Undergrad: 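What follows is a single structure, and I will ask about it in a moment.
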Protein chains: 2
Amino acid sequence: MAADPRVLDELRAAILRGEFAPRQRLVESDLCEAFDASRFAIRAALQALEADGLVERQRNVGARIREISLEEACEITEVRQVVEGLIARRAAERVSDEEATGLEAIGRQMHDAVAAGELALYSDLNARLHSSLRDIARHEKASGIIAQLHGQMVRHQFALSRVPGRSKVSVHQHQAIIDAVVGRDPDGAEAAMRAHIGSVIEALRGIG
Amino acid sequence: MAADPRVLDELRAAILRGEFAPRQRLVESDLCEAFDASRFAIRAALQALEADGLVERQRNVGARIREISLEEACEITEVRQVVEGLIARRAAERVSDEEATGLEAIGRQMHDAVAAGELALYSDLNARLHSSLRDIARHEKASGIIAQLHGQMVRHQFALSRVPGRSKVSVHQHQAIIDAVVGRDPDGAEAAMRAHIGSVIEALRGIG
DNA sequence: ACCAACAATATTGTCGACAATACAGGCACG
DNA sequence: CGTGCCTGTATTGTCGACAATATTGTTGGT
């Protein structure tokens with residue numbers, strides 16, 4: 001089908017921005033109007049998003065935004081824990097001096113952001129750090145799975161960022177990851193990443 | 001789209017049976033005839049299989065069987081290594097007495113199969129062991145990812161099974177996994193599974 | 001012999017129309 | 001008043017026909 005990329009991207013972005021409530025029905029004709037696209041393009045996009053795990057479809061009933069339970073969010077994060085661990089390990093094995101400098105810069109900015117209480121900036125730096133590690137690790141399959149899992153977590157991710165005091169804890173964990181990677185310590189990097197995401201899982205459980 | 005399940009399953013099974021060569025073009029009209037289905041159903045199935053990573057498609061060009069390089073196979077197995085490690089850990093945490101007995105039975109059958117040189121039976125038991133561990137761990141996300149990755153590995157899996165002497169090595173690794181799970185030792189189970197799949201990666205690299 | 005431009009063909013992409021199905025509301029009946 | 005059926009409507013599923021595009025083959029020139 002090769003869904004029209006424009007429609008697919010716009011619809012995916014809309015979902016990730018949280019413009020639809022969980023379990024909200026996605027009626028094809030409505031989407032046609034909203035995105036000014038043919039039903040054909042919409043259907044193809046919906047099928048692609050189903051594969052991404054963002055929407056679920058029942059035959060002859062239609063598509064709806066997938067509801068991701070807290071339990072499922074924990075499972076997703078558990079998988080992320082080990083796969084990001086793999087990425088951290090590989091990053092520690094492959095990091096160049098230049099890349100190491102970049103990581104340390106992110107670490108300093110994170111520290112400053114927390115000190116200044118800049119929550120949004122910190123969240124952005126967090127994404128940058130994980131993204132940099134993926135780039136350094138150069139592990140396509142692992143990166144792809146992380147991307148897939150991340151897409152399903154947006155809603156809970158948002159809830160997590162509003163847990164007070166989390167940034168103060170996680171900044172140290174992030175620093176530990178950076179130190180281990182920069183120090184070319186694969187075991188340490190994996191352990192630090194696991195510890196970090198382990199605390200994310202605990203925070204998730206705490207929300208429920 | 002919700003591709004006609006019959007067409008999707010048959011086509012997927014045909015690919016997994018190796019009835020198409022890597023990079024072989026999948027012409028829609030040919031598939032229509034082969035599976036006695038409409039082009040519509042075929043297209044939907046192809047899109048689903050693209051999401052599975054079994055076929056790749058270029059716009060206006062068509063679908064072909066995805067070629068999975070040895071390097072990509074290694075990456076896939078590296079991800080499998082950590083995710084199966086997670087499964088083994090959870091299995092050790094959650095295994096019941098009854099399930100433990102089942103695992104030990106598989107271990108004995110594996111031992112016998114290797115002693116008798118029954119390669120096909122051993123391969124079958126291998127699949128049964130990993131499948132049992134997934135059932136015991138009850139981790140849907142992890143199991144789903146393993147299934148996804150496994151589908152992309154069929155060709156290399158076949159090549160692996162023909163490496164002489166592998167079964168004699170792996171039977172001990174399998175036994176170590178079983179022992180750790182039955183002994184309710186999560187750390188040991190994860191380590192044993194990682195060691196096992198680590199040796200699979202080495203064997204894979206040896207093929208090239 | 002090689003290359004470029006062009007024509008012919010094969011294949012996929014898109015759409016509109018209709019069929020099939022599920023769901024909601026009303027109606028008869030107990 | 002509740003229950004089961006039945007009809008009407010909304011929505012999705014499927015198809016065939018045609019348009020758009022890539023690929024292949026051919027021709028003419030150098």
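The sequence lines fix the lettering, A, B, ..., with proteins before strands; numbering per chain opens at 1. Keep in mind it's a predicted model, so treat the numbers as computed, not measured. Because only heavy atoms are used, hydrogens play no part in the values below, and waters and symmetry mates are left out as well, while side chains stay in.
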Undergrad: For the pair made of CG in A:Asp30 and P in D:dA10, what is the distance, rounded to whole Å?
TA: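 Nearest whole value for this atom pair: 12 Å.
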Undergrad: Round to the nearest Å and state the distance from A:Gln58 atom CD to D:dT11 atom C1'.
TA: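 Answer to the nearest Å: 13 Å.
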Undergrad: What is the distance, to the nearest angstrom, from the CG atom on A:Leu26 to the P atom on D:dT11?
TA: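 It is 13 Å, rounded to the nearest whole Å.
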Undergrad: Want to settle it: does A:Arg39 or B:Val61 sit nearer the 5' end of DNA chain C, counting the closest nucleotide to each?
TA: B:Val61
Undergrad: B:Val27 side chain: which of D:dC15, C:dT11, C:dT21 is closest?
TA: C:dT11
Undergrad: Which of these nucleotides, D:dT14, D:dA22, D:dT11, is closest to any side-chain atom of A:Arg25?
TA: D:dT11
Undergrad: Answer yes or no: does atom CG of A:Asp112 have more than 12 heavy-atom neighbours from other residues, nucleotides or ligands under 6.0 Å?
TA: yes
Undergrad: Expressed in angstrom and rounded to an integer, what is the separation of A:Glu28 atom CD from D:dG13 atom C1'?
TA: 9 Å
Undergrad: What is the nucleic acid contact for A:Leu46, judged by heavy atoms within less than 4.0 Å: base, sugar-phosphate only, or nothing?
TA: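 No contact.
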Undergrad: Under a 3.5 Å threshold, yes or no: a donor from one side chain and an acceptor from the other, between B:Ser132 and B:Glu99?
TA: no
Undergrad: A:Ser38 side chain: which of C:dT21, C:dC15, C:dG13 is closest?
TA: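 Closest of the options to the side chain of A:Ser38: C:dC15.
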Undergrad: Rounded to the nearest Å, what distance is computed from the CG atom of residue A:Asn60 to the C1' atom of nucleotide D:dT12?
TA: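 Result: 6 Å.
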Undergrad: Is A:Glu190 salt-bridged to B:Arg194, going by a charged N under 4.0 Å from an acidic O?
TA: yes
Undergrad: For A:Glu93, does the CD atom have more than 12 heavy-atom neighbours from other residues, nucleotides or ligands under 6.0 Å away?
TA: yes
Undergrad: May I ask you to evaluate whether B:Arg59 reaches the phosphate of C:dT14, defined as a side-chain N or O under 4.0 Å from OP1 or OP2?
TA: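 Yes, within the criterion.
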Undergrad: Whole Å only: how far is the CZ atom of B:Phe40 from the C1' atom of C:dC18?
TA: 13 Å
Undergrad: Please state how far atom CZ in B:Arg64 lies from atom P in D:dA22, giving the value in whole angstrom units.
TA: 15 Å
Undergrad: Using 4.0 Å as the upper bound for N to carboxylate O, is an ion pair formed by A:Glu33 and A:Arg39?
TA: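 The answer is no: the pair does not qualify as a salt bridge.
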Undergrad: Could you tell me whether A:Arg66 and A:Glu72 make a salt bridge, using a distance below 4.0 angstrom between a side-chain N and a carboxylate O?
TA: yes
Undergrad: At how many degrees, to 10°, do the end axes of the helix from C:dA1-D:dT30 to C:dG30-D:dC1 meet when each uses five pairs?
TA: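 Between the first-five-pair axis and the last-five-pair axis there is 10°.
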Undergrad: With the side chain of A:Arg43 defined as its heavy atoms from C-beta on, choose the nearest nucleotide among D:dG13, C:dG13, C:dT14.
TA: D:dG13
Undergrad: Inspect the surroundings of CD in B:Glu71 and state if more than 12 heavy atoms from other residues, nucleotides or ligands are less than 6.0 Å away.
TA: no
Undergrad: Starting at atom CD of A:Gln47, determine the distance to atom P of D:dG13, rounded to an integer number of angstrom.
TA: 10 Å
